[in-house]
Asker: 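One structure, as structure tokens, below. Some questions next.
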Amino acid sequence: MEDKTRPNALFLSVVAQFNGNISQKILEWFSSFSFISGLNDESYMGFTLKQMENEDFKQKLLKYIKKVDLDIDDLSVEKNPKLFEKSGYALVSEDGSIGEFFRVLTFHHRYDDKHEKLTSRAKFDLNDESEGTQKFFGILGLILNTLDRGSILVIDELDARLHPFITRFILQLFHSKQTNPNNAQLIFATHDTNLLDKDLFRRDQIWFTEKDQYGATDLYSLVEYKNVRKDASYEKDYIAGKYGAVPFIRNFEVLLGDEDE
């Protein structure tokens with residue numbers, strides 16, 4: 001197939017077009033990827049809302065929301081195409097058209113002045129919850145679906161608006177055989193150096209990106225460093241610049257001074 005491959009075409013794709021068995025399996029594997037941005041809730045909120053129509057899924061989602069101490073006792077989803085156009089969430093189809101509108105309600109326990117729990121509960125719109133709570137709710141649907149299917153989820157800026165403990169909880173869902181029996185995989189980009197923890201990741205699971213003086217980015221793994229001690233602190237060594245992939249920022253006094261000096 002080499003002579004049939006144009007200079008600007010992928011050999012793998014060309015072989016697949018001619019019904020290559022191995023190449024088709026490889027492309028099918030890549031098609032199982034789900035890509036989302038950790039900064040844009042709209043890209044995944046609708047998926048979670050749609051999944052909540054299944055009561056079993058809703059209860060599983062609520063169980064994990066309770067585990068991360070968000071103080072939410074229950075959830076309710078209401079569907080109305082007009083009433084919640086401004087305060088709710090919309091399902092967006094693949095062609096970009098707006099579909100159904102949903103309103104998500106969260107319920108919290110109420111207490112009297114003696115800290116005794118009351119029978120009535122406080123009710124809020126999910127929109128009134130913190131940005132971190134909203135993101136965790138939205139992203140959890142995709143995470144649970146990925147774990148169930150044993151597929152691959154790619155998230156840019158996973159840690160944005162999430163407490164470090166909640167980010168770690170998400171990673172533990174993928175590391176646990178109990179919650180991830182189908183070997184689902186999470187690939188994510190982060191700036192949270194707290195996650196550079198040898199108790200959380202193997203060296204081959206940690207990758208760095210470093211931009212050179214010409215603007216090109218190099219991708220390399222921590223496993224490529226041969227002299228890393230078993231008791232080394234990945235985070236401390238990274239901050240010290242031992243692994244590269246840190247921005248070069250000039251001395252602060254120089255930045256405030258005359259550029260010509």
Side-chain angles (χ1 to χ4, degrees), residues 28-41 43-77 89 104 106-109 126 129-207 221-223 234-235:
E28 288 174 0
W29 181 77
F30 277 108
S31 68
S32 69
F33 278 49
S34 296
F35 294 88
I36 64 171
S37 166
L39 299 174
N40 182 12
D41 295 359
S43 64
Y44 44 79
M45 184 67 76
F47 179 85
T48 298
L49 291 173
K50 195 67 178 176
Q51 293 290 102
M52 282 188 65
E53 293 179 351
N54 181 302
E55 184 62 26
D56 290 340
F57 178 89
K58 174 190 171 183
Q59 291 305 318
K60 183 184 291 187
L61 183 140
L62 183 60
K63 179 181 73 173
Y64 287 129
I65 286 178
K66 289 181 178 180
K67 281 185 178 293
V68 297
D69 195 27
L70 296 180
D71 196 35
I72 295 176
D73 182 60
D74 201 0
L75 295 165
S76 175
V77 178
Y89 298 94
V104 184
T106 62
F107 296 87
H108 297 254
H109 288 301
L126 180 60
E129 301 283 357
S130 71
E131 292 283 340
T133 297
Q134 293 181 52
K135 175 179 176 177
F136 183 70
F137 169 85
I139 208 172
L140 193 54
L142 267 173
I143 288 171
L144 295 180
N145 181 261
T146 300
L147 293 170
D148 287 342
R149 294 170 55 215
S151 54
I152 300 168
L153 179 61
V154 183
I155 306 178
D156 186 25
E157 303 287 358
L158 169 64
D159 56 306
R161 303 199 306 276
L162 292 180
H163 190 282
F165 286 178
I166 294 181
T167 305
R168 186 175 287 257
F169 174 80
I170 292 173
L171 301 181
Q172 289 170 336
L173 289 177
F174 282 86
H175 278 149
S176 169
K177 291 183 179 180
Q178 182 177 353
T179 53
N180 187 12
N182 300 316
N183 296 317
Q185 185 177 12
L186 174 66
I187 303 172
F188 67 97
T190 179
H191 294 96
D192 186 358
T193 60
N194 291 300
L195 300 179
L196 289 173
D197 185 343
K198 64 180 182 298
D199 295 325
L200 190 60
F201 289 113
R202 302 187 310 269
R203 284 196 295 156
D204 62 293
Q205 292 178 295
I206 299 173
W207 291 73
S221 171
L222 180 57
V223 78
Y234 299 159
E235 179 183 19

Asker: How far does NZ of Lys63 sit from CG of Leu144, to the nearest 0.5 angstrom?
Answerer: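 Going from NZ on Lys63 over to CG on Leu144, the span is 9.0 Å.
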Asker: In the structure I gave you, are the side-chain heavy atoms of Asp192 and Leu162 within less than 4.5 Å of one another anywhere?
Answerer: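 No - every pair of side-chain heavy atoms lies 4.5 Å or more apart.
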Asker: Could you measure the distance from the CG atom of Leu62 to the CE atom of Met52? Nearest 0.5 Å is fine.
Answerer: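 That separation rounds to 8.0 Å.
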Asker: If we only count heavy atoms from C-beta on, is the Arg149 to Asn182 side-chain gap below 4.5 Å?
Answerer: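 With C-beta onward as the side chain, the pair stays apart.
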Asker: Listed by chain and number, what are the side chain to side chain donor-acceptor pair (under 3.5 Å) partners of Ser130, not counting sequence neighbours?
Answerer: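 Per chain and number, Ser130 pairs via side chain to side chain donor-acceptor pair (under 3.5 Å) with Thr133.
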Asker: Which heavy-atom pair separates Phe107 from Ser76 by the least distance, and what is that distance?
Answerer: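 Of all heavy-atom pairs spanning Phe107 and Ser76, the closest is CE1-CB, 3.6 Å.
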Asker: Between Thr179 and Pro181, which heavy-atom pair has the shortest distance, and what is it?
Answerer: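 Closest approach of Thr179 to Pro181, heavy atoms only: C-CD, 3.4 Å.
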Asker: Kindly determine whether His191 and Glu157 satisfy side chain to side chain contact (heavy atoms under 4.5 Å, CB included), including the steps that lead there.
Answerer: CA-CA 8 Å; His191 294 96; Glu157 303 287 358; 3.4 Å; yes
Asker: Atom CZ in Arg161, atom CG in Leu39: separation rounded to 0.5 Å?
Answerer: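 So the CZ of Arg161 and the CG of Leu39 are separated by 6.5 Å.
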Asker: Which atom pairs, donor and acceptor, lie under 3.5 Å between side-chain atoms of residues 65-73 and protein residues at least two apart or in another chain?
Answerer:
unit_1	atom_1	unit_2	atom_2	d
Lys66	NZ	Asp73	O	3.4
Asp73	OD1	His109	NE2	3.1
Asp73	OD2	Arg121	NH1	2.7

Asker: Evaluate side chain to side chain contact (heavy atoms under 4.5 Å, CB included) for Leu200 paired with His175, printing each intermediate quantity in order.
Answerer: CA-CA 9 Å; Leu200 190 60; His175 278 149; 4.1 Å; yes
Asker: Are the side chain of Lys135 and the backbone N or O of Gly38 linked by a donor-acceptor pair below 3.5 Å?
Answerer: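 Pair found, side chain donor or acceptor close to backbone of Gly38.
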Asker: Could I get the full list of side chain to side chain donor-acceptor pair (under 3.5 Å) partners for Thr48, not counting sequence neighbours?
Answerer: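 Partners of Thr48 under the side chain to side chain donor-acceptor pair (under 3.5 Å) test: none.
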Asker: Below 4.5 Å, heavy atoms only, C-beta onward: do Phe137 and Thr106 meet side chain to side chain?
Answerer: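 In short, these two side chains do not touch, never coming nearer than 4.5 Å.
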Asker: State which residue, out of Asp148, Leu186, Ile170, fulfils the side chain to side chain contact (heavy atoms under 4.5 Å, CB included) condition with Ile143.
Answerer: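 Of the listed options, the one satisfying the test is Ile170.
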Asker: Can you find a side-chain donor-acceptor pair between Thr190 and Asp159 that sits under 3.5 Å?
Answerer: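 Side chains of Thr190 and Asp159: pair found under 3.5 Å.
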Asker: For the residue pair Gln134 and Leu126, what are the closest heavy atoms and their distance?
Answerer: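 Scanning both residues completely, I find the closest heavy atoms to be CG-O, 3.3 Å.
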Asker: How far apart are the closest heavy atoms of Gly138 and Met45, and which atoms are they?
Answerer: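 Taking every non-hydrogen atom into account, CA-SD, 3.8 Å.
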Asker: Can you tell me how the ring of Trp29 sits relative to the ring of Phe33, calling it parallel under 30°, perpendicular over 60° and tilted otherwise?
Answerer: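 Correct class here is perpendicular.
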Asker: Are Lys58 and Glu53 side-chain neighbours, meaning at least one heavy-atom pair lies under 4.5 Å?
Answerer: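 Side-chain contact under 4.5 Å: no.
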Asker: What's the shortest heavy-atom distance between Tyr64 and Phe136, and which atoms?
Answerer: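 Reported closest heavy-atom pair: O-CE2, 4.1 Å.
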Asker: Would you say that Phe174 contacts Leu147 through its side chain, given a criterion of any heavy-atom pair below 4.5 Å between the two side chains?
Answerer: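 In contact.
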Asker: So, do Leu61 and Leu75 sit near enough that their side-chain heavy atoms are less than 4.5 Å apart?
Answerer: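 Touching, per the 4.5 Å side-chain cut-off.
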Asker: Does a side-chain heavy-atom distance below 4.5 Å link Leu142 with Ile155?
Answerer: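 Contact flag for Leu142/Ile155 side chains = no.
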Asker: Rounded to the nearest 0.5 Å, what's the gap from CG on Asp156 to CZ on Phe35? Could you check?
Answerer: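 CZ of Phe35 is found 11.0 Å from CG of Asp156.
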Asker: Between Asp197 and Arg168, is there a side-chain heavy-atom distance shorter than 4.5 Å?
Answerer: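 Yes, their side chains come closer than 4.5 Å.
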Asker: Among Leu153, Ile187, Ile139, which one satisfies side chain to side chain contact (heavy atoms under 4.5 Å, CB included) with Leu158?
Answerer: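 So, applying the side chain to side chain contact (heavy atoms under 4.5 Å, CB included) to Leu158 and each of Leu153, Ile187, Ile139, only Ile139 qualifies.
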Asker: Which distance, rounded to the nearest 0.5 Å, do you find between the OH of Tyr44 and the CG of Leu140?
Answerer: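 The CG atom of Leu140 is 11.5 Å from OH of Tyr44, to the nearest 0.5 Å.
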Asker: Would you please classify the geometry between the Phe188 ring and the Phe201 ring as parallel, tilted or perpendicular, with 30° and 60° separating the classes?
Answerer: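 The arrangement is tilted - the two ring planes meet at 30° to 60°.
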Asker: Are more than 12 heavy atoms, taken from residues, nucleotides or ligands other than Lys60, located less than 6.0 Å from that residue's NZ atom?
Answerer: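 No.
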